[in-house]
Amino acid sequence: MLDRADLRAFFAADAASVAERLIGWSLFIDGVGGRIVETEAYDSDDPASHSHRGRTPRNGAMFGETAHAYVYRSYGIHWCLNFVCDAHRPGSAVLIRALEPLAGQDRMAERRGTAAPALLCSGPGRLAQALGIDASHNGRDLCAPPFELQPPAGPSQVWRGPRIGISKAVHIPWRFAVMGSPFLSRPARL
DNA sequence: AAAAGGATTAAT
DNA sequence: TTAATCCTTTTA
């Protein structure tokens, strides 16, 4: 099985590598979650990253321990979940952008206000709402409850391309997704 | 002290 | 295409 040392080793690598290899893993919070089908990488050398201008009260968790969560408020409305990575480059993290729902869909539907499978976890804000993520999860250990991470059952065909919703460093191809998945925040093309 | 600007989403 | 919405960070 998967122990804490395995997870720490997995998250020790650079953000793009972790973002790519995270595709196909499963994430559950209190038993609610699914397969990670879309991620994006960010690090402190990256002008699009919250960590680019150094540590602040908001992004502190990004500079904390690897294999912990960084949760931030987006547009004053949504929560977004990241996994802190790269022990050698503080300020690195992977944004979890979409899940293929596998467990607790009823709970997700309650929280989201819709039962349409493709609208439950397809986007970072939607995903956080479906899983009940909020500021209380910021800085928490991903190796401990309520988080649960499981390695992929089999290989995924991973697509790679430019990130979404940013205005700087738009050309860097640090968005990763399961090719052809109907659960992505936006189609994986270009 | 004031203004800008979002790693988004749902509605128009 | 635009509004919603809030609060962190930046600038004056």
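FYI, side chains are in, hydrogens and waters are out, and symmetry mates aren't considered; it's all heavy atoms of this structure. So that the names make sense, note that chain A is the first sequence line, chain B the second, and so on, each numbered from 1.
When atom types are taken as modelled, the side chain of S185(A) and the backbone of G123(A) share no donor-acceptor pair closer than 3.5 angstrom.
Judged purely by distance below 3.5 Å, without hydrogens or angles, the side chains of S17(A) and R21(A) pair a donor atom with an acceptor atom. Inspection of the Q129(A) and R111(A) side chains reveals no N or O donor paired with an N or O acceptor under 3.5 Å. Judged purely by distance below 3.5 Å, without hydrogens or angles, the side chains of H52(A) and Y42(A) never pair a donor atom with an acceptor atom.
A salt bridge is defined here as a Lys NZ or Arg NE, NH1 or NH2 lying under 4.0 Å from an Asp or Glu carboxylate O, and E40(A) with R163(A) fails to meet this definition. R4(A) and D141(A) are joined by a salt bridge, as a carboxylate oxygen and a charged side-chain nitrogen come within less than 4.0 angstrom of each other.
The distance from the CE atom of M179(A) to the CD1 atom of I23(A) is 11.5 Å, given to the nearest 0.5 Å.
Here, dA7(B) and dT11(C) have their P atoms 16 Å apart, quoted to the whole Å.
Taking the 5' to 3' direction, DNA chain C first and last meets chain A under 4.0 angstrom from a heavy atom at dA4(C) to dT10(C).
Atom CD in Q129(A) sits about 10 Å away from atom P in dT9(B), given to the nearest Å. Between the CD atom of E40(A) and the P atom of dA7(B) there is a distance of 11 Å, rounded to whole Å. With rounding to whole Å, L95(A) atom CG is found 11 Å from dT8(B) atom C1'. Rounded to whole Å, atom P of dA10(B) lies 12 Å from atom CG of L127(A). The nearest whole Å value for the distance from the CG atom in D43(A) to the C1' atom in dA7(B) is 14 Å. Spacing between atom CD1 of I133(A) and atom P of dT9(B) amounts to 14 Å, rounded to whole angstrom units. K168(A) has its NZ atom 9 Å from the C1' atom of dG6(B), to the nearest Å. When the P atom of dA7(B) is taken as reference, atom CZ of R53(A) falls 12 Å away, rounded to whole Å.
Between V178(A) and Q157(A), every side-chain heavy-atom pair lies at or beyond the 4.5 Å cut-off.
When distances are taken from the side chain of Y72(A) to each of dA7(B), dA10(B), dG6(B), the shortest belongs to dA7(B). With dA7(B), dA10(B), dT8(B) as the candidates, the nucleotide lying closest to the side chain of Y75(A) is dT8(B). Comparing dA10(B), dG6(B), dA7(B) by their closest approach to the side chain of S167(A) singles out dG6(B).
Note on I166(A): only backbone sugar-phosphate atoms sit closer than 4.0 angstrom, heavy atoms only; bases stay farther off. Contacts of R97(A) with the nucleic acid, taken as non-hydrogen atoms under 4.0 Å apart, involve only primed sugar atoms and P, OP1 or OP2. Residue R186(A) is classed as having no contact, given no heavy-atom separation below 4.0 Å to the nucleic acid.
Shown are S26(A), S181(A), S156(A); of these, the side chain to side chain donor-acceptor pair (under 3.5 Å) with R35(A) is made only by S156(A).
Side-chain nitrogen and oxygen atoms of R73(A) include none within less than 4.0 Å of the OP1 or OP2 phosphate oxygen of dG6(B). Between dT9(B) and H78(A), no contact under 4.0 Å exists linking OP1 or OP2 to a side-chain N or O.
Helical stems in DNA chain B, defined as runs of 3 or more consecutive Watson-Crick or G-U wobble pairs with both donor-acceptor distances under 3.5 Å, are listed by first residue as B:1-6 with C:6-11, B:8-11 with C:1-4.
Sequence neighbours left out, the pairs with a member in residues 74-92 of chain A that pass side chain to side chain donor-acceptor pair (under 3.5 Å) are D45(A)-R89(A).
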